[in-house]
Amino acid sequence: MARKPRHTNVNLAVNLGGLPMKNPVTVGSGTFGAGMEYADFVDVAALGAVTTKGVSLNGWEGNATPRIAETASGLLNSIGLQNPGVAHLKEVELPWLAAQGATAMVNVSGHSFDEYVAVIEALEDAPVAAYEVNISCPNVDAGGMTMGCHVPSVEKVVRLCRAATKRPLIVKLTPNVTDITEIARAAEAAGADGVSLINTLLGMAIDARTRRPQLARVVGGYSGPAVKPVALRMVWQVANAVSVPVLGMGGVSCGTDAVEFMLAGATAVAVGTANFANPTATVDVIDGIIDYCEQYGVTDVNELIGALEC
Ligand SMILES: Cc1cc2nc3c(=O)[nH]c(=O)nc-3n(C[C@H](O)[C@H](O)[C@H](O)COP(=O)(O)O)c2cc1C
């Protein structure tokens with residue numbers, strides 16, 4: 001039976017840049033589909049939001065296989081934003097999420113500035129609570145991370161998306177830059193209501209026996225428990241650099257991980273790769289936050305945000 005978080009008197013509600021969330025837990029885009037495959041395990045309506053897999057205007061086939069490699073404490077992927085396109089999302093997944101009573105945050109992809117805008121425009125009459133603009137995917141040759149590494153292109157894409165919608169706009173940042181605070185500040189200045197981080201770290205895996213890379217694309221995005229210290233550091237730096245809220249992610253798999261991200265300055269967290277190993281990870285994380293709050297006398301989860309004592 002689909003699990004819900006346990007009952008608590010702790011206030012779990014947070015506001016992520018204009019997106020009201022009943023608790024501070026969503027999913028990492030691309031690790032949860034639009035929730036349908038997880039509906040036997042967790043009540044998707046009980047999550048703070050369901051962040052959908054990156055969507056483009058006409059759908060993309062993704063990269064050649066193999067495009068997943070397991071490493072110690074982490075996962076490498078080079079999926080390449082495979083998706084069936086925005087019309088399918090509107091016709092199938094978004095109505096399903098709405099029928100479940102779930103809060104939908106749509107992760108928006110594009111190969112060009114115009115494509116990001118076109119995806120948002122196509123979704124403006126759909127049941128979408130917020131957009132997460134993905135300018136951080138390392139697995140595509142145009143758009144994605146190529147746009148998210150330089151201040152002028154970050155400013156341009158965020159400004160264009162901002163003009164296309166009044167809905168909350170969360171901009172997803174890549175860790176594959178020298179100074180992530182510079183990119184976060186550019187996103188904020190261009191009109192972002194919040195920033196999310198981190199997307200995957202560029203990595204590679206080699207098979208010594210065949211002397212070949214394990215991924216067809218050679219390099220891919222690294223995620224899972226191994227990246228948590230990098231993600232925490234970046235969330236802390238960004239939270240101290242901007243005034244918009246931060247959605248933190250990177251290796252979150254239990255309640256304590258989530259609390260650590262909130263102490264570092266995150267308003268909410270996303271559970272990503274952990275969903276693959278444990279399909280109830282999202283609810284386990286919410287229950288773990290409740291456990292922490294009850295144990296330490298925290299009556300409102302908002303007290304945790306940025307409460308790190310240095
Ligand atoms: C298989 C896979 C697919 C992903 N697809 C997307 C995507 O479509 N859009 C996006 O913004 N991030 C995508 N990500 C990145 C995750 O949302 C998240 O930022 C990253 O994996 C770090 O969190 P984690 O360590 O909890 O997985 C993907 C990650 C994985 C592992």
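Throughout, numbering of the chain's residues begins at 1 and tracks the sequence.
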Verdict with reasoning, S56 to N83, per side chain to side chain donor-acceptor pair (under 3.5 Å)
CA-CA 7 Å; S56 56; N83 77 92; 3.0 Å; yes

Pair R67-N77, side-chain contact (heavy atoms from CB on, under 4.5 Å): steps then yes or no
CA-CA 5 Å; R67 51 190 191 177; N77 92 83; over 6 Å; no

Show your reasoning for whether side-chain contact (heavy atoms from CB on, under 4.5 Å) applies to T103 and L47.
CA-CA 8 Å; T103 302; L47 304 182; over 6 Å; no

Step by step, work out the side chain to side chain donor-acceptor pair (under 3.5 Å) result for T71 and Y222.
CA-CA 9 Å; T71 69; Y222 194 36; 3.2 Å; yes

Let's go through T273 and S223 carefully: what are the C-alpha distance in whole Å and the side-chain angles of both, what is the deciding distance for side chain to side chain donor-acceptor pair (under 3.5 Å) to 0.1 Å, and is it a yes or a no?
CA-CA 7 Å; T273 300; S223 62; 2.7 Å; yes

Hey, mind stepping through R233 and V230 against side-chain contact (heavy atoms from CB on, under 4.5 Å) and telling me if it holds?
CA-CA 5 Å; R233 183 264 295 177; V230 179; 4.2 Å; yes

Does V244 form a side-chain contact (heavy atoms from CB on, under 4.5 Å) with D193? I'd like the steps, not just the answer.
CA-CA 6 Å; V244 292; D193 296 307; 5.7 Å; no

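Put simply, the side chain of K22 does not reach to within 4.5 Å of the side chain of L12, judged on heavy atoms. Using a 4.5 Å heavy-atom threshold, the side chains of T174 and L197 count as separate. The shortest side-chain heavy-atom distance between L304 and Y292 falls under the 4.5 Å cut-off. Counting only heavy atoms from C-beta outward, the side chains of T52 and M105 never approach each other to under 4.5 Å. By the 4.5 Å heavy-atom criterion applied to side chains, L123 and L89 are counted as neighbours. Counting heavy atoms from C-beta on, the side chains of L160 and Y116 never come closer than 4.5 Å. The shortest distance between side-chain heavy atoms of V301 and V14 falls below 4.5 Å. V106 is not listed as a side-chain neighbour of I120, based on a closest heavy-atom distance of 4.5 Å or more.
Without hydrogens or angle criteria, R167 side chain to V128 main chain gives a donor-acceptor distance under 3.5 Å. N176 contributes a side-chain N or O that, together with a main-chain N or O of L202, makes up a donor-acceptor pair within less than 3.5 Å. The main-chain N or O of A274 is never found under 3.5 Å from a side-chain atom of N278 such that the two would form a donor-acceptor pair. Looking at N23, its side chain does come within 3.5 Å of a backbone N or O of A46 through a donor-acceptor pair. The backbone N or O of R6 lies less than 3.5 Å from a partner atom in the side chain of D287, making a donor-acceptor pair. Using a distance-only test at 3.5 Å, with no hydrogens or angles considered, a donor-acceptor pair links the side chain of E115 to the main chain of H111. Remark: side-chain polar atoms of E188 are paired, donor with acceptor, to backbone N or O of S243 under 3.5 angstrom. With hydrogens and angles ignored, the 3.5 Å screen pairs no side-chain donor or acceptor of N302 with any backbone N or O of I305. With D291 contributing its side chain and I286 its backbone, the two residues share no donor-acceptor pair below 3.5 Å. Remark: the backbone N or O of N275 is not paired with any side-chain donor or acceptor of T31 at under 3.5 angstrom.
The number of heavy-atom neighbours closer than 6.0 Å to CH2 of W236, taken from other residues, nucleotides and ligands shown, is 12 or below. Atom NZ of K90 sits in a crowded spot, with more than 12 heavy atoms from other residues, nucleotides or ligands closer than 6.0 Å.
In summary, E260 and K228 engage in a salt bridge, as defined by a charged side-chain N under 4.0 Å from a carboxylate O. D284 and R3 are joined by a salt bridge, as a carboxylate oxygen and a charged side-chain nitrogen come within less than 4.0 angstrom of each other. Between K4 and D43, at least one side-chain N (NZ, or NE/NH1/NH2) sits under 4.0 Å from a carboxylate O, which counts as a salt bridge. The residues E124 and K166 are annotated as not salt-bridged, no charged nitrogen and carboxylate oxygen being separated by less than 4.0 angstrom.
Under the 4.5 Å side-chain heavy-atom criterion for ILVMFWY residues, a single connected hydrophobic cluster contains both L201 and L75. Side-chain heavy atoms closer than 4.5 Å link hydrophobic residues (I, L, V, M, F, W, Y) into clusters, and following such links, possibly through other members, connects W96 to V55. The cluster map of Ile, Leu, Val, Met, Phe, Trp and Tyr, joined by side-chain heavy atoms under 4.5 Å apart, puts V219 and I79 in different clusters. Under a hydrophobic-cluster definition in which Ile, Leu, Val, Met, Phe, Trp and Tyr are linked whenever side-chain heavy atoms come within less than 4.5 Å, directly or via other members, V177 and V158 are assigned to the same cluster. M147 and L81 are members of different hydrophobic clusters when ILVMFWY side chains are connected at heavy-atom separations under 4.5 Å.
Minimum interatomic distance between S136 and K172 (heavy atoms only, all atoms of both residues): OG-O, 3.0 Å. Residue A49 comes nearest to M21 through the heavy atom pair N-CE, 4.2 Å, listed as atom of the first residue, atom of the second, then distance. Between N63 and S78, the shortest heavy-atom contact is ND2-O, 2.9 Å. Between A164 and V117, the shortest heavy-atom distance links the atoms CB-CG1, 4.1 Å. The shortest non-hydrogen separation linking R162 to A190 is CB-O, 3.9 Å. Here the closest heavy-atom approach between residue V246 and residue G265 is recorded as CB-O, 4.2 Å.
Considering OG1 of T165 and OH of Y131, their distance stands at 4.5 Å, rounded to 0.5 Å. If you take OG1 on T256 and CD1 on I289, they are separated by 9.5 Å, rounding to the nearest 0.5 Å. Taking CG of L169 as the start and SG of C161 as the end, the distance is 6.0 Å to the nearest 0.5 Å. Put simply, CD1 on I206 and CG on L215 are 10.5 Å apart, with the number rounded to the nearest 0.5 Å. Taking NE2 of H88 as the start and CG of L94 as the end, the distance is 11.0 Å to the nearest 0.5 Å. Separating the OG1 atom in T146 from the NE2 atom in H150 is a distance of 8.0 Å, to the nearest 0.5 Å.
Annotation: cation-pi geometry not satisfied between K53 and F32 (NZ/CZ under 6.0 angstrom from ring centroid, within 45° of ring axis).
Side-chain atoms of T299 and E303 include a donor-acceptor pair closer than 3.5 Å. Inspection of the D114 and S112 side chains reveals no N or O donor paired with an N or O acceptor under 3.5 Å. A side-chain donor from one of S196 and E132 sits under 3.5 Å from a side-chain acceptor of the other. Side-chain N/O atoms of T26 and T51 include a donor and acceptor closer than 3.5 Å.
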